[in-house]
Peer 1: 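This is the structure I want to talk about, given as structure tokens.
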Amino acid sequence: LGINSGAGVGVAIYTMAYTFIPGLASTGMVNSWGIILSACIGAMAVLLLISAVASRLQDIISVLIVGVMVGFLASSVSSIISILQYFSDEETLKTYLLWSFGSVSTTTWRQLSLMLPIVGVGLFLSLLMPKQMNALNLGENYARSVGTNIRLVRRSLILITSLITGCITAFTGPIAFLGMAVPHFVRLLFRAADHRILIPATLL
């Protein structure tokens, strides 16, 4: 749905924005948390935009098309990023370009120590929601009939997805293919629509 692209734009702006605002230049823990926060904000912005559009559409295919369009727009915000790249120093530019290729090879243990608690919380919260997600899978009317608070569930899923996707993208770069392929592969492999099976299987 373009979530990785939104996170990528957030990281790009944060990484190179100190060209215009020198006070943002920092090292160590603050810099790492800044990358996480900017990625999560970018991911959440895309999710909120898609959710706003999806609330007016009933067809899930239309929602997916909107997600692809939003992702393309997010990844094509080249004017701001290009300006930042032009004024950035060589080392910063090299760091950003390597990050944009998407790789786990440059992730350090120190970064993992920041990433794992946040991702762990997000995954734990997602493991508490299979029942509500299964209800939504059968339609909003059914979900309401069994007492599911649809608005709360959607907002919770937006927050959880933003945390997980934004945090991981912050350190590994946008490896969008995994996010797109793995859930569908799991559905084919287990031949199931039950999120009690799908969420742990996708995690593995």
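Nothing here was measured: the structure is a model prediction, and the numbers come from that model.
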Peer 1: For Ser113 and Pro117, which heavy atoms make the closest approach, and how far apart are they?
Peer 2: O-CD, 3.1 Å

Peer 1: Examine distances only and state if a side-chain atom of Asn134 and a backbone atom of His195 form a donor-acceptor pair shorter than 3.5 Å.
Peer 2: yes

Peer 1: For Gly10 versus Ser38, what's the shortest heavy-atom pair and its separation?
Peer 2: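 For Gly10 versus Ser38, the nearest heavy atoms are O-CB, 3.5 Å.
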
Peer 1: Could you tell me whether the side chain of Met44 reaches within less than 4.5 Å of the side chain of Leu159, counting heavy atoms only?
Peer 2: yes

Peer 1: Taking all non-hydrogen atoms of both residues into account, name the closest pair between Cys40 and Cys167 and its distance.
Peer 2: SG-N, 3.9 Å

Peer 1: Do Ile160 and Ile164 have side chains that approach each other closer than 4.5 Å (heavy atoms only, starting at C-beta)?
Peer 2: yes

Peer 1: Of Leu127, Val121, Leu123, which is the lone residue that meets side chain to side chain contact (heavy atoms under 4.5 Å, CB included) with Leu125?
Peer 2: Val121

Peer 1: Please say yes or no: joined through hydrophobic side-chain contacts below 4.5 Å, possibly via intermediate residues, are Leu157 and Val146 part of one cluster?
Peer 2: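 Different hydrophobic clusters.
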
Peer 1: Of all the heavy-atom pairs spanning Ala193 and Asn137, show the shortest one and how long it is.
Peer 2: O-ND2, 3.6 Å

Peer 1: Quick one, Gln111 and Leu114 - any side-chain contact, counting heavy atoms below 4.5 Å?
Peer 2: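 In short, these two side chains do not touch, never coming nearer than 4.5 Å.
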
Peer 1: Nearest heavy-atom pair of Ser126 and Ile199: which atoms, and what distance?
Peer 2: O-CD1, 3.5 Å

Peer 1: Would a single hydrophobic cluster contain both Met115 and Leu204, if residues Ile, Leu, Val, Met, Phe, Trp and Tyr are joined by side-chain heavy-atom contacts under 4.5 Å?
Peer 2: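 No, because Leu204 and Met115 fall into different hydrophobic clusters, even though each may have its own neighbours under 4.5 Å.
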
Peer 1: From Leu189 CG over to His184 NE2, what is the distance, rounded to the nearest 0.5 angstrom?
Peer 2: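 Leu189 atom CG to His184 atom NE2 measures 14.5 Å (nearest 0.5 Å).
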
Peer 1: Under a single-linkage definition using a 4.5 Å side-chain heavy-atom cutoff for Ile, Leu, Val, Met, Phe, Trp and Tyr, are Tyr142 and Ile150 assigned to the same hydrophobic cluster?
Peer 2: no

Peer 1: Answer with yes or no whether the hydrophobic clustering places Leu188 together with Ile197; edges join I, L, V, M, F, W, Y residues whose side-chain heavy atoms lie under 4.5 Å apart.
Peer 2: no

Peer 1: Would you say Val119 and Phe124 are hydrophobically clustered, going by side-chain heavy atoms of ILVMFWY under 4.5 Å?
Peer 2: yes

Peer 1: At their closest point, which heavy atom of Ala135 faces which heavy atom of Thr148, and how far apart are they?
Peer 2: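 Between these two residues, the closest heavy atoms are CB-OG1, 3.7 Å.
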
Peer 1: Is there a side-chain contact between Leu198 and Met133 in this structure, where contact means two heavy atoms from C-beta onward sitting under 4.5 Å apart?
Peer 2: no

